[in-house]
Amino acid sequence: MLVALELLGLAAFAASGAFAAVWARLDVFGVIIIGLTTALGGGIIRDVLLGINPPTTLRTWPYLAVSAATALLVFAFHPVLARLRRAVLLADAVGLGLFAPAGTAIALNAGAPVYTACLIGMTTGIGGGAMRDLLLREIPLVLRREIYAIAALAGAVLVAVGHQLRWPPIPVTVGAAAVVVTIRLVSLWRKWNAPVARGTGRPAGE
Amino acid sequence: MLVALELLGLAAFAASGAFAAVWARLDVFGVIIIGLTTALGGGIIRDVLLGINPPTTLRTWPYLAVSAATALLVFAFHPVLARLRRAVLLADAVGLGLFAPAGTAIALNAGAPVYTACLIGMTTGIGGGAMRDLLLREIPLVLRREIYAIAALAGAVLVAVGHQLRWPPIPVTVGAAAVVVTIRLVSLWRKWNAPVARGTGRPAGE
Amino acid sequence: MLVALELLGLAAFAASGAFAAVWARLDVFGVIIIGLTTALGGGIIRDVLLGINPPTTLRTWPYLAVSAATALLVFAFHPVLARLRRAVLLADAVGLGLFAPAGTAIALNAGAPVYTACLIGMTTGIGGGAMRDLLLREIPLVLRREIYAIAALAGAVLVAVGHQLRWPPIPVTVGAAAVVVTIRLVSLWRKWNAPVARGTGRPAGE
């Protein structure tokens with residue numbers, strides 16, 4: 001079931017990339033490449049930072065197949081699929097909930113210190129979306145609004161705490177995933193946003 | 001002769017970066033850095049993904065010298081050199097034809113699975129241009145129009161198929177390069193473009 | 001004292017990132033992430049290129065703590081702190097002066113050829129700021145104006161020359177840092193800029 005959830009999360013990430021690419025008027029290959037990058041980018045960054053070569057996400061063909069097929073479906077049927085926006089947001093939250101805790105656990109197993117593992121886990125969750133926005137010339141959405149990075153970080157910290165206290169890893173990871181999904185969905189539902197700095201912005205002459 | 005073609009391809013990549021940087025009004029050091037990044041970026045990404053440290057392209061001084069010298073020439077003589085646009089496009093196609101198949105072969109030799117090697121080979125070909133566009137705040141051209149990534153992927157797949165069937169590597173790589181160059185030049189000549197999704201773009205509220 | 005200067009440089013880099021993020025209206029987590037990226041990004045790129053996993057800057061908790069705390073201070077008190085612009089520029093020059101020579105020395109110790117070490121050292125100095133500008137959708141400032149990359153490169157070359165001539169490493173690194181800081185501050189004071197290409201810019205039809 002974990003594998004099925006993982007593929008669901010990858011498909012949601014790929015769909016979010018493909019929608020953004022279609023709206024930016026990219027061609028079909030651009031849509032597939034952005035879909036793959038969004039789905040696999042977080043894991044690629046994680047593995048590059050940990051020295052796992054070549055990255056696991058590039059070596060696992062079901063990941064590639066599911067991501068590319070999802071991007072292609074979005075390319076072909078995006079006017080219909082755009083109505084599934086809520087389903088995509090839910091699946092995206094599941095993906096974030098799986099990838100951030102799993103990235104933290106992988107980093108801990110690779111011998112990283114706990115705070116390093118938390119940062120790498122958070123990056124695993126948010127890195128694909130950040131690469132999508134970079135390639136499409138947007139300031140990454142995750143940095144601008146909504147509770148997203150902090151949900152990923154909460155899941156990462158929970159896994160790291162469980163690792164320090166020698167709790168059994170499987171229930172901890174599942175619990176961390178549940179925490180991430182809950183924070184993410186409640187913040188979407190209640191329209192929570194993180195605070196922005198007060199003040200009048202960039203001073204003259206900058 | 002392969003080495004001469006490789007340096008020609010690097011020079012073409014460096015020239016495309018330097019022209020874009022001059023047009024974006026960067027200073028002379030910015031032009032050189034963008035030229036180097038465009039020429040060497042694909043190989044750097046390939047080696048980072050494969051764990052080849054430090055990247056070969058940064059360790060081979062003729063690559064650095066040819067790329068930097070080309071960027072400096074473009075900086076100094078860009079109004080004259082802009083007339084050579086067709087020659088630069090031809091040399092760029094040669095570069096793509098060499099780097100995508102060679103990147104695939106390097107990834108296969110490093111033990112990557114075939115589909116991973118194809119993706120890494122394609123990235124070797126298109127990565128430098130994508131980094132150029134990212135640094136200059138453009139959506140990467142390769143994702144937007146023209147047959148470019150798919151030409152690189154075709155060459156990569158050919159090398160991978162040859163590797164699986166144990167064909168002799170040198171003729172396969174040369175043949176793959178010829179295929180890439182042909183696809184690229186014919187698509188330029190016939191103004192082929194990959195399809196863009198139908199529809200009215202981003203729905204309201206996104 | 002070197003450690004104190006290093007943390008001062010990191011704080012200056014984090015502050016420059018946090019100011020830019022506040023002005024771009026990012027939320028508090030975005031400001032912290034951009035602050036961390038600006039401070040630690042150069043070292044992360046260096047370690048990824050050299051195969052040092054996970055990157056040292058992500059493994060050293062005082063680096064993380066000082067960078068995150070600085071970003072948080074900027075978020076909270078940016079209208080007051082913006083008056084310290086000169087102090088931040090001075091500290092930023094100190095950071096550049098430390099990180100570019102130190103990055104070169106680390107690359108040489110990892111066995112990189114001298115010209116590779118110079119490029120990696122320069123990248124260590126300018127990489128964090130370039131990542132800041134990329135994430136905020138700006139053409140990296142370091143490529144556009146001011147004497148910045150060349151100051152970093154001068155320090156890197158000095159360390160490499162000293163290494164080749166077997167000069168004692170500590171005084172060489174200190175001297176290189178002094179050269180970087182001097183070039184950077186004099187160019188700021190005298191408003192030196194690197195030359196931009198002559199001509200009318202991008203030709204029609206590009």
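Letters go in sequence order (proteins before strands), and every chain restarts at 1.
Contact between R137(B) and R137(C) at its shortest, heavy atoms only, is CD-O, 2.7 Å. Listed here is the closest heavy atom pair of L64(B) and L119(C): CD2-CD1, 3.4 Å. A pairwise comparison of heavy atoms in V48(B) and V48(C) identifies CG1-CG1, 3.6 Å as the closest pair. Nearest approach of R59(B) to T116(C), heavy atoms of both residues: CA-OG1, 3.5 Å. Nearest heavy-atom pair, A197(C) versus F75(B), reported as atom, atom and distance to 0.1 Å: N-CE1, 3.3 Å.
The distance from atom CG of N53(B) to atom CG of N53(C), rounded to the nearest 0.5 Å, is 7.0 Å. Taking CD1 from I32(B) and CD1 from I150(C), the interatomic distance works out to 7.5 Å, rounded to the nearest 0.5 Å. Annotation: the span from Y115(C) atom OH to T60(B) atom OG1 amounts to 6.5 Å, rounded to 0.5 Å.
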(request) Report the C-alpha distance between V196(C) and V22(B) in whole Å, list the side-chain angles of each, state the deciding distance to 0.1 Å, and finish with yes or no for side chain to side chain contact (heavy atoms under 4.5 Å, CB included). (result) CA-CA 8 Å; V196(C) 169; V22(B) 163; over 6 Å; no

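Heavy-atom distances place no part of A21(B) under 4.5 Å from chain C, backbone and side chain included. Only the side chain of I126(C) comes within less than 4.5 Å of a heavy atom of chain B; its backbone N, CA, C and O stay farther away. Interface residue I120(C): only side-chain heavy atoms are found under 4.5 Å from chain B. With a 4.5 angstrom heavy-atom cutoff, I33(B) touches chain C only via side-chain atoms. The parts of P195(C) that come within reach of chain B are both its backbone and its side chain, each placing non-hydrogen atoms under 4.5 angstrom from that chain.
Put simply, of G51(B), A76(B), P55(B), the one with the most heavy-atom pairs under 4.5 Å next to chain C is P55(B).
With a 4.5 Å cut-off on side-chain heavy atoms, I44(B) and L49(C) count as touching.
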